[in-house]
There are 4 protein chains.
Amino acid sequence: MATRSARAKRTSVRETVRSESRAAYREAILVAAERVFGRLGFHDAKMADIAAEAGVAAGTLYNYFKNKDQVFESILKRGQSRLKEELAPALELAEPLARLRAITETSLRFLEENGALFMIHIRRGGLEARSLRHIGEGNDDLHEFHEQLVREAFVQAIESKQLRQDIPADELAGLFSGLTEAMIFAWIRRGCPKNLAAKTDLIFDMFLQGAHPK
Amino acid sequence: MATRSARAKRTSVRETVRSESRAAYREAILVAAERVFGRLGFHDAKMADIAAEAGVAAGTLYNYFKNKDQVFESILKRGQSRLKEELAPALELAEPLARLRAITETSLRFLEENGALFMIHIRRGGLEARSLRHIGEGNDDLHEFHEQLVREAFVQAIESKQLRQDIPADELAGLFSGLTEAMIFAWIRRGCPKNLAAKTDLIFDMFLQGAHPK
Amino acid sequence: MATRSARAKRTSVRETVRSESRAAYREAILVAAERVFGRLGFHDAKMADIAAEAGVAAGTLYNYFKNKDQVFESILKRGQSRLKEELAPALELAEPLARLRAITETSLRFLEENGALFMIHIRRGGLEARSLRHIGEGNDDLHEFHEQLVREAFVQAIESKQLRQDIPADELAGLFSGLTEAMIFAWIRRGCPKNLAAKTDLIFDMFLQGAHPK
Amino acid sequence: MATRSARAKRTSVRETVRSESRAAYREAILVAAERVFGRLGFHDAKMADIAAEAGVAAGTLYNYFKNKDQVFESILKRGQSRLKEELAPALELAEPLARLRAITETSLRFLEENGALFMIHIRRGGLEARSLRHIGEGNDDLHEFHEQLVREAFVQAIESKQLRQDIPADELAGLFSGLTEAMIFAWIRRGCPKNLAAKTDLIFDMFLQGAHPK
DNA sequence: TATGAATGAGTGTTCATTCAT
DNA sequence: GATGAATGAACACTCATTCAT
């Protein structure tokens, strides 16, 4: 029994090691893929590029992912869970505008730290959606999640009269998200300089006060 | 001499016909390519798809364009000149905010009527820039042109105290363009419903008044 | 009847003109094709190139020749008849070695004046024979014709004891033709300088005397 | 450490196998390509033909050669090194005419065993030069190498009064090379019968004695 | 399981040939 | 008959995927 147990344990340990090794490989591949997809886009990124960036052989990719599409999809999913984790503290805030500000700042900071991921996400979510629709059908979309959070904050803020009453919450939320995204696009176009998160104040100021002279 | 004249005329007519036919073919190909690129993106759009959409043989494309890249580029250029034409009346307006409103409305209307073109343009200008940078180097970019117009309007509006003085014109212009683009992205995400141009008022209202309750 | 006759005559004249025009077109095309094939080789020479060189439209070529192969073939045939014409005086000579010398000199001069044709011919006859065998099957070949003339001269020269008796006429003829062709190849490799025909003396001297010191 | 060593050895063995396999594939492709190019010429030989002849998939060719041109070039280079190897013993001979005879005999034998290669080489060096000039610029050419050897032998033979003094070494060497090449062309035209190398004696006899009766 | 070479379907492009004018 | 644009078969080459080791 001792022997059995020992063997079982050894096996278990070995499997743990294996499993950790598997996880490490998988992670390395995803990190590499994120960089490569972010740099080159879906089509120009070759499986060979990703393998090279990850320091593994091309065939190895297929031990961890079914195909190129699934590598792509996995990056998105991984990014989604990471952002969700980082957003958790912000969601604790009860005050809707403060929560909105925290969500925005967190998202922008996340963006700065995960530029490549964002490139991938935005391409897929916003623009290549149609051509890549076959990828990730039915995944809960990060966009949806994010917009839902923003929408809730807006509904509450309007209810508590902190915002104009004459524009529906959805429309307002859309404009806000839009303004944020616009900031992001401008930031990308400028080559992703530092301190995107610091733009949160500007976004809020403009969004709340407008451009009219006071 | 009558004969010569007649022959000359016939030739001339024939050449006109031919020339018109060439232009018609070229146009048909561009229209088809615009649709296909808009639908599938640069990479997924195959020359065969474009040819099929245009109702010609694949080889025919190469009688009008050197290669796939040049088809793509030509769409952009064609779109640019068309938008420039349509913007001309708006540029006559002397009053900066009125001009800005006209530019915005015209651009949005143009967009509605040329959704596919815009998809193409934005993909290239904003996002696929890196992977497609080899295409169209040195074209005067529509983005640049548009942003220049907006920037000028802002400089004048700030000078005439019609806008807040505490934010630089460039920043304001960026935010405005951003807000507009955001509207556009939201519109695209919603599947390009009718009446995008009507959103001009909302954009201006929000941009000028802000979201604060009055 | 006068009318008929007149009409008939007019028709006939017109047909002559037409026929002359046809011949002129055909000739122009062949001249152009000879230059282009000579310059680029069979495969790299495009029908469009030939048409351009001839100053006609691509389609016109097909009013005179069934296809590219036939253009090629026609050049060879035309060259063959021209060389045969030029060789006629040489063939009058009764004395075999004098005749051989005249044939050689004439052939070399012809070569210098028809370099392009020769390039075509040699490519086809000597080297691309296998790959181009589908062309001109069963034509009486210029090579064959030429070698036949040479062979006859050798048979007679050996019979009249003007040449070594210990080597069969065929072998000797082959060597002589070979030496001549070798001269030609060297000449081509040197870029076709002037005065190839003047090498006739050297060929004969070497061929008859050998390289041994006297 | 034993394990490491064992693993290292295994790896090394595996790599040797792989490396041998790679070399074998490469060689098989070159052999196939040599046959196909020799049979059809550069243009008519399709990559698919070569792949089929080698018994591999078309794509495999591109794991070993960058493109069709490079396959072609590699054949030439391989042939050059092989001939150079085979010529080495002949070059040991101090006596110029004996050396020349050995060089000639070796070359002819090489030719018989590598007819396809020669077809390829001669097409490129002599005739398709112009259209294929883009291939292999700057390779040390087999022709040049061979002619240099011949030229040296002639200079020495003339110096030692073994040959006529009235014709410059270059000219004589050219004629000799020419005679040899002529023999080769005749041999090709006759369909590459056996025993080409045996013609060395005939070449030398004719070259030295000439065709005059003694 | 990692490897990396083999595979072959798929694509952009060329060009001989056809055909409407 | 001349024209020159349309045609589409053909081909070099790429790359995601498979598989023997």
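Every value quoted in this text rests on a predicted model; they were computed, and no experiment measured them. Reckoned from all heavy atoms, side chains included, excluding hydrogens, waters and symmetry mates. In what follows, every chain begins at residue 1, and chains take the letters A, B, ... in the order their sequences are listed.
A:Met47 places its CE atom 16 Å from the C1' atom of E:dT7, with the value rounded to the nearest Å. Here F:dG1 presents its P atom at 14 Å from CZ of C:Arg26, a figure rounded to the nearest Å. Counting to the nearest Å, the P atom of E:dT14 and the NE2 atom of D:His43 are 14 Å from each other. Rounded to an integer number of Å, the gap from A:Asp44 CG to E:dT11 P is 15 Å. Protein atom CG of B:Asp49 is 13 Å distant from nucleotide atom P of E:dG10, rounded to whole Å. Regarding D:Arg22, its CZ atom lies at a distance of 5 Å from the P atom of E:dA5, rounded to whole Å. The CG-P distance, from D:Asp69 to F:dC11, rounds to 17 Å in whole Å. As rounded to whole Å, 19 Å separates atom C1' of E:dG4 from atom NZ of A:Lys46.
In this structure, the separation between CZ on D:Phe72 and CD1 on D:Ile50 is 10.0 Å, given to the nearest 0.5 Å. In this structure, D:Glu34 CD and D:Ile29 CD1 are separated by 13.5 Å, a value rounded to the nearest 0.5 Å. Between C:Arg35 atom CZ and C:Ile75 atom CD1 the span is 11.0 Å, to the nearest 0.5 Å.
At least one donor-acceptor pair under 3.5 Å links the side chain of C:Ser74 to the backbone N or O of C:Gln70. Under the 3.5 Å distance criterion, the side-chain polar atoms of C:Lys66 are left unmatched by any main-chain donor or acceptor of C:Val71.
Considering B:Tyr64, B:Phe65, B:Tyr25 as possible partners of B:Leu30, the one that fulfils the side-chain contact (heavy atoms from CB on, under 4.5 Å) test is B:Phe65.
Using a 4.0 Å cutoff on non-hydrogen atoms, the parts of residues 51-67 of chain C near DNA chain E are C:Gly59, C:Tyr62, C:Asn67, ordered by number.
Mapped onto DNA chain E by nearest heavy atom, D:Tyr25 and C:Ala45 fall at different nucleotides, with D:Tyr25 at the one closer to the 5' end.
Taking the side chain as every heavy atom from C-beta outward, B:Arg26 and B:Asn63 never approach each other to under 4.5 Å.
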Please, what dot-bracket string fits DNA chain F when only Watson-Crick and G-U pairs with both distances under 3.5 Å count, crossing ones use [ ] and pairs to another strand use |?
.||||||||||||||||||||

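In this structure, D:Lys68 forms a cation-pi arrangement with D:Phe42, its terminal cationic atom sitting closer than 6.0 Å to the ring centre and no more than 45° off the ring axis.
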Assess the residue pair B:Lys46 and B:Glu53 against the criterion (salt bridge (Lys or Arg N to Asp or Glu O under 4.0 Å)); give the C-alpha distance rounded to whole Å, side-chain angles, the decisive distance to 0.1 Å, and a yes or no.
CA-CA 11 Å; B:Lys46 313 300 175 194; B:Glu53 179 92 22; over 6 Å; no

